[in-house]
Amino acid sequence: MKQFFYLFKSKKKLLLFSIYFIVVVTGIFISYKGAFSSIPKKEMILMKSKDPEMGLDFFYYLQDSGLTLILYVLTTLIVPNIISADLLLYEHNKFNHFLITRMSSSLYHKKERRFNFLASFILILMTHLLTILIIHLFFFKISFSINPIYMNATRQTNLLSSSLFLNLIIYMVLSSIGYAIFSHFLFSLQYFIKNVYLYRTLGLLVSLILYIGASVLSHTFYNTSGSLLATLAYFLNIINILTPSIIKSPVLNNNPHLFYIGTALLYYLLSSILFGMRDYHDSTT
């Protein structure tokens with residue numbers, strides 16, 4: 001996959017990532033101000049001393065697209081622009097023909113898909129790590145201890161694991177894999193979407209359709225056909241793998257592990273089918 005690393009050396013790509021991370025940090029500061037600016041300074045100091053989980057709570061608060069839409073929009077916009085939009089552009093410009101000729105079309109496509117998946121995983125993981133760092137340095141100390149007062153409360157800090165530390169690690173890894181699967185799915189849509197400019201906005205458009213559409217469909221089935229069809233429809237909700245356990249269905253018995261696995265398998269399978277159609281088309285033309 002080293003053949004594709006040159007794509008990250010361009011000034012445009014470095015500028016894009018620089019702007020992305022700057023806006024991420026700015027979004028964190030804006031979200032903090034919106035959530036806590038009304039609390040008096042002395043009261044905030046007291047809250048921090050009594051509740052060591054506030055740092056982790058704020059991190060998970062930032063993951064909730066219903067509360068901090070700016071970061072969700074930014075992240076879904078960046079996904080197709082990490083690498084796959086460049087690969088689509090290079091296909092239009094025939095820049096990839098030398099590599100295809102040298103290593104065969106089948107091997108080339110396998111490598112570009114693996115590289116896109118890995119690059120997406122790494123960028124989202126870096127985003128999560130940067131978010132944790134900014135919170136720890138400027139707002140709340142990240143702590144993995146629990147105040148006994150809040151032990152019986154259901155919090156986002158321990159929905160995937162009873163350990164706060166493991167919950168954070170599991171969340172960041174699963175979310176990064178989820179975004180990589182989403183990126184893989186978007187890449188497979190190049191079979192239908194050939195316009196580079198449209199494709200660059202596809203992450204946000206598709207994620208909103210699969211998020212809002214699946215939620216509405218699931219709720220409709222729940223009211224008309226029962227919980228089984230509603231559950232099956234909710235597997236379509238891309239939010240299950242982008243922010244696992246953060247956003248839950250208001251009508252279903254939510255199992256974040258079940259919905260994550262089901263949604264991940266569904267979109268990976270759909271991607272494989274679309275890639276197979278594209279490969280078959282390429283081999284017959």
Visitor: Looking only at non-hydrogen atoms, find the nearest pair between Thr263 and Phe259 and report the distance.
Guide: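 Here Thr263 and Phe259 meet closest at OG1-O, 2.8 Å.
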Visitor: Could you tell me if the side chain of Leu189 sits less than 4.5 Å from the side chain of Leu202, heavy atoms only?
Guide: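 Yes, side chains in contact.
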Visitor: Can you find a heavy atom in the side chain of Met44 that is under 4.5 Å from one in the side chain of Phe140?
Guide: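 In contact.
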Visitor: If you measure only the distance, is there a donor-acceptor pair under 3.5 Å linking the side chains of Ser84 and Tyr199?
Guide: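 A pair is found: one side chain offers a donor N or O, the other an acceptor, under 3.5 Å apart.
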Visitor: Could you label the plane-to-plane angle of the His184 and Tyr268 rings as parallel, tilted or perpendicular, counting under 30° as parallel and over 60° as perpendicular?
Guide: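 If you compare the ring of His184 with that of Tyr268, the planes turn out parallel.
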Visitor: Classify the ring geometry of Phe36 against Tyr32: parallel below 30°, tilted from 30° to 60°, perpendicular beyond 60°.
Guide: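 Plane angle between 30° and 60°, so tilted.
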Visitor: Report the C-alpha separation of Tyr260 and Asn255 in whole Å, then their side-chain angles, then the decisive distance to 0.1 Å, and conclude whether the side chain to side chain contact (heavy atoms under 4.5 Å, CB included) test is met.
Guide: CA-CA 9 Å; Tyr260 183 91; Asn255 184 323; over 6 Å; no
Visitor: Report yes or no: do Tyr267 and Asn240 form a side-chain donor-acceptor pair below 3.5 Å?
Guide: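 Their side chains do not contain a donor-acceptor pair, so the 3.5 Å distance test is not met.
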Visitor: If hydrophobic residues (ILVMFWY) are linked whenever their side-chain heavy atoms come closer than 4.5 Å, directly or via other members, who joins Ile261 in its cluster?
Guide: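 ILVMFWY cluster around Ile261 also holds Leu265.
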Visitor: I'd like to check Leu274 versus Phe192 (side-chain heavy atoms, cut-off strictly below 4.5 Å). Are they in contact?
Guide: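 When only atoms from C-beta onward are counted, Phe192 and Leu274 do touch, with a gap below 4.5 Å.
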Visitor: Indicate whether any N or O donor in one side chain lies under 3.5 Å from an N or O acceptor in the other, for Thr231 and Tyr222.
Guide: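 Side chains of Thr231 and Tyr222: no pair found under 3.5 Å.
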Visitor: Does some side-chain heavy atom of Ser65 sit less than 4.5 Å from a side-chain heavy atom of Ile247?
Guide: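 Sidechains of Ser65 and Ile247: in contact.
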Visitor: State, with a plain yes or no, whether a side-chain heavy atom of His128 is found less than 4.5 Å away from one of Ser176.
Guide: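 Yes - at least one pair of side-chain heavy atoms lies under 4.5 Å apart.
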Visitor: Please work out whether the ring planes of Tyr171 and Phe59 are parallel, tilted or perpendicular, with thresholds of 30° and 60°.
Guide: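 Perpendicular, since the angle between the ring planes exceeds 60°.
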